[in-house]
Amino acid sequence: MPEKDAHLDDDIDAQIVQAVSADGRATLADISHLVGLGTSAVQARLRRLETRGIITGYRALVDAEAIGKPLSAFVEITPLDPAQPDNAPELLEHLAEIEACHSIAGDASYMLFVRVATPRALETLIRDIRLAASVRTRTTIVLQTFFENRPVALAGA
């Protein structure tokens, strides 16, 4: 279980986090060369950063268009009844097309990021979202993405 007060100890930790954020497949030797420590020291620091919950995992970035999901959209959701329980994330978790769910400030309660194959699939997903969580939706279709999944930028690193 991650520590409650997770933080970076020093600039070396920040450089390591930035390195793995930029390239999750960077080798210990690559990171060692970058930060000026031996591979065993870097490995120990990586383990500590993982244990503390600062580094939470490593994943491949996939070209959504190449796997048949070229249509992306942001879907704002607002409860139909303001008195209903605030459990939309739990109610929507089963919908795999929702890649991210963010609690937001403003008129809407949550902002979802979704990817689907077709406009018809988006229409079906929006219907499923409305039914599952009893919400009103507002959808913005993404025309082009200039950047996403950027490495974490840390001050002092």
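This is a predicted model, so every value here is computed, not measured.
A distance of 10.0 Å separates CD of E65 from OG1 of T145, quoted to the nearest 0.5 Å. A distance of 13.0 Å separates CG in D23 from CD in Q18, rounded to the nearest 0.5 Å. With values rounded to the nearest 0.5 angstrom, T137 atom OG1 is found 12.5 Å from R127 atom CZ.
Listed by first then second residue, pairs satisfying side-chain hydrogen bond (donor to acceptor under 3.5 Å, both in side chains) with a partner in residues 93-104 read E99-R115, not counting sequence neighbours.
Under the 4.5 Å side-chain criterion, counting only non-hydrogen atoms from C-beta, Q144 is not in contact with V142. Looking at heavy atoms from C-beta onward, L37 lies out of side-chain contact with Q15 at the 4.5 angstrom threshold. Using a 4.5 Å heavy-atom cutoff, the side chains of L8 and L49 are in contact. Counting heavy atoms from C-beta on, the side chains of D10 and R45 come closer than 4.5 Å. Inter-residue side-chain proximity for R48 and D13 is flagged as met; some heavy-atom pair is nearer than 4.5 Å.
The nearest pair of heavy atoms linking A88 to A133 is CB-CB, 4.4 Å. Residue L46 comes nearest to I16 through the heavy atom pair CD2-CG2, 3.6 Å, listed as atom of the first residue, atom of the second, then distance. Between S21 and P151, the shortest heavy-atom contact is OG-CA, 3.0 Å. In terms of heavy-atom proximity, L34 sits nearest to A19 at CD2-CB, 3.6 Å.
Within the 3.5 Å criterion, the main-chain N or O of E90 finds no donor-acceptor partner in the side chain of N87. With Q84 contributing its side chain and S134 its backbone, the two residues share a donor-acceptor pair below 3.5 Å.
Through side-chain heavy atoms spaced under 4.5 Å, either directly or across other Ile, Leu, Val, Met, Phe, Trp or Tyr residues, V114 is tied to L71, V75, I77, L92, L95, I98, Y110, L112, V116, L122, L125, I126, I129, V135, I141.
Note on I12: it clusters hydrophobically with V152, by side-chain heavy-atom contacts below 4.5 Å among ILVMFWY residues.
The environment of D81 atom CG is dense: over 12 non-hydrogen atoms of other residues, nucleotides or ligands sit within 6.0 angstrom.
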